[in-house]
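Throughout, a chain's letter reflects where its sequence line sits, starting with A, and its residues are numbered from 1.
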Protein chains: 2
Amino acid sequence: MKLTILGCYAATPRTFTNPTSQILDIKNRLFLIDCGEGTQVQLRKNKIRFSKINHIFISHLHGDHFFGLVGLVSTFTLLNRTTDLHIYGPKGIKEIIKLQLRLSNSRTNYGLFFHELESPESEIIFEDEKVLVKTIPLKHRVYTNGFLFQEKIGDRKLNLDAVQNYEIESCYYQKIKNGKDITLEDGRIIENDKLTFDPVPAKNYAFCSDTVYNEAMLPIIENVDILYHESTFLQSEGNLAKKTLHSTAKEAATIALKANAKQLILGHYSTRYESIELFKEEAETIFPEVLLADDGKSFEF
Amino acid sequence: MKLTILGCYAATPRTFTNPTSQILDIKNRLFLIDCGEGTQVQLRKNKIRFSKINHIFISHLHGDHFFGLVGLVSTFTLLNRTTDLHIYGPKGIKEIIKLQLRLSNSRTNYGLFFHELESPESEIIFEDEKVLVKTIPLKHRVYTNGFLFQEKIGDRKLNLDAVQNYEIESCYYQKIKNGKDITLEDGRIIENDKLTFDPVPAKNYAFCSDTVYNEAMLPIIENVDILYHESTFLQSEGNLAKKTLHSTAKEAATIALKANAKQLILGHYSTRYESIELFKEEAETIFPEVLLADDGKSFEF
């Protein structure tokens, strides 16, 4: 799993900082999470192949999380995209994009599918054989979801020496990888754990931005491997965080601790602070495994 | 008059090129012309004071000319703007901006006024004591206007030596600058041209993008000082220009020649060419005074 931060600063795009957008490469699926203004340029700078993005998840309809979407949708057309594109986001997102396409007298030359969200409960919004995505309802000034990206537990790994020893034909391999026992021609039953190793552990990633400190998300993100949690402010601006329904670095760390997360990535920084290291220092007083998001930075898990 | 090019490339924002946007500083008014994605970052990079922009002119509703507008409108709020903002553009622009503000549950804390255009004829859309702006109907795939920015002829310049010679009191100066003769206390009438010099000649600037080659604009831009005319293509792609309702460098130069413009600025380049110098070379075969727009470049007239 590889996470590339295209932008992780709050409010507006600036000369050297970009609003929220991330690329999650999970089981060879390339998911775009949020799409602030300038995201398509950030994709180019980070050499992400536009054509590999088939699913875009939008947390909420504040500009710093979606103003780059219509430009990206249009650019896909200019790039002669033909593959379907799926957009998951709050109700209203379809109207915003469709209105602008209509008024510019243009249409996409690919299938554009909107999956509008309005449930206050967590729900599964994407699932295929390898990955599952569910919403994490957040508490912000408008309807907002975080997203939990889960790898599914994969097939068991074949013990090649063992299957060759028992002279099992390759047509049975998938059955074995699925966990089944095997009956040999002489009638002996070989139990699956003699033929396989445990699968690679499945990982998951939770994206939580924007939100006020909100323990209601804990059951959904319990034991998560990597938690991205917004920290717009430091605790010195705790009142401002409460007022604007954002979080402090300390609050993000508290959520990570209570969720029993393995690692915490901070982001969505206000640009008022001298250094983003301050966020890490504050969070580490609560939770040890803190990483700092920054534009153009990648994390491999 | 000073023109700053924030972006002048066609189609999509890229790592090193920006879609259309310009700042025209005319008689101390700062006009923003078009607003492609990333314009607010370009404003910062070029050290343009956001608060001085009170009027934004949008040529047409193709993304590379307006996708940055909603972000700028939102950023003005974050910057605590209180001054009115006027937006001039095709019918529909108000709905696009208002919808996004509504769905993000936000409002501007300043007056936001839309002046929606739908006339196929040239019309005056802005006028104050020093400047007049009229539309230049263009021919493109959607309803499109260029804009002609005209300085009004200013006051006559006071001949200080002369007024002091005649011992004229300063309370009469404005009257003199307005072109009036003066009757002295002894009854002598002093004609205005003995008390003043001619005013600085008024200049004008025509912005024409996007458009196919279209002589219908000639009467409106006749004798213009500076003509910005799109040249998306070179003549070798003349068929493509016709098909997409864009112009070639040669066609832009032909318009400049026939309009008797003093100078031509080319822009809205397709990124398919190796160098924008090719546009200049082609245009100069028709019209001598050719300048090349480029992102971050300023022209003073």
Enquirer: Taking everything shown except B/R107 itself, do over 12 heavy atoms lie less than 6.0 Å from its CZ?
Expert: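 Atom CZ in B/R107 is not packed in, count stays at 12 or less.
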Enquirer: For A/T248, run the side-chain hydrogen bond (donor to acceptor under 3.5 Å, both in side chains) check against A/E230, A/E237, A/Q235 and tell me which one passes.
Expert: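 Only one option passes, and that is A/Q235.
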Enquirer: Most heavy-atom pairs under 4.5 angstrom with chain A, which of B/R141, B/E37, B/K91, B/H65?
Expert: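 Top option by heavy-atom pairs under 4.5 Å: B/E37.
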Enquirer: Does either side chain, that of B/H62 or that of A/S104, offer a donor lying less than 3.5 Å from an acceptor on the other one?
Expert: no
Enquirer: B/T39 versus chain A, heavy atoms under 4.5 Å apart: side chain, backbone, both or neither?
Expert: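 B/T39 touches chain A through backbone heavy atoms alone.
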Enquirer: Let's test your reading of the structure: which of B/G38, B/P90, B/G36, B/G63 forms the most heavy-atom pairs below 4.5 Å with chain A?
Expert: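 Sorted descending by pairs with chain A, the first entry is B/G38.
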Enquirer: Show the nearest heavy-atom pair for residues B/E215 and B/Y213, with the distance to one decimal.
Expert: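 Heavy atoms only, the tightest pair is OE2-OH, 2.5 Å.
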Enquirer: Quick check on the interface: out of A/Q42, A/K45, A/R102, A/Q100, who has the most heavy-atom pairs with chain B under 4.5 Å?
Expert: A/Q100
Enquirer: Can you tell me which portion of B/R14 sits under 4.5 Å from chain A's heavy atoms? Options are side chain, backbone, both or neither.
Expert: both
Enquirer: A/Y9 and side-chain hydrogen bond (donor to acceptor under 3.5 Å, both in side chains): which partner among A/T232, A/D294, A/N18, A/D64?
Expert: A/D294
Enquirer: Tell me, side chain or backbone of B/E95 under 4.5 Å from chain A's heavy atoms, or both, or neither?
Expert: both
Enquirer: Indicate yes or no for a side-chain donor-acceptor contact from B/T211 to the backbone of B/K139 under 3.5 Å, with no hydrogens or angles considered.
Expert: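 Confirmed, B/T211 side chain pairs with B/K139 backbone.
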Enquirer: What part of B/V142 gets closer than 4.5 Å to chain A, counting heavy atoms only: side chain, backbone, both or neither?
Expert: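 Side chain only.
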Enquirer: Please identify which of these residues, B/F66, B/F57, B/F114, meets the ring-ring contact (aromatic ring centres under 6.0 Å, His included) condition with B/Y88.
Expert: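 When B/F66, B/F57, B/F114 are each tested with B/Y88, the ring-ring contact (aromatic ring centres under 6.0 Å, His included) holds only for B/F57.
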Enquirer: Counting only heavy atoms closer than 4.5 Å, note whether B/I96 contacts chain A via side chain, backbone, both or neither.
Expert: both
Enquirer: Where does A/L103 contact chain B at under 4.5 Å (heavy atoms): side chain, backbone, both or neither?
Expert: both
Enquirer: So what's closer than 4.5 Å to chain A heavy atoms on B/S74: side chain, backbone, both or neither?
Expert: side chain
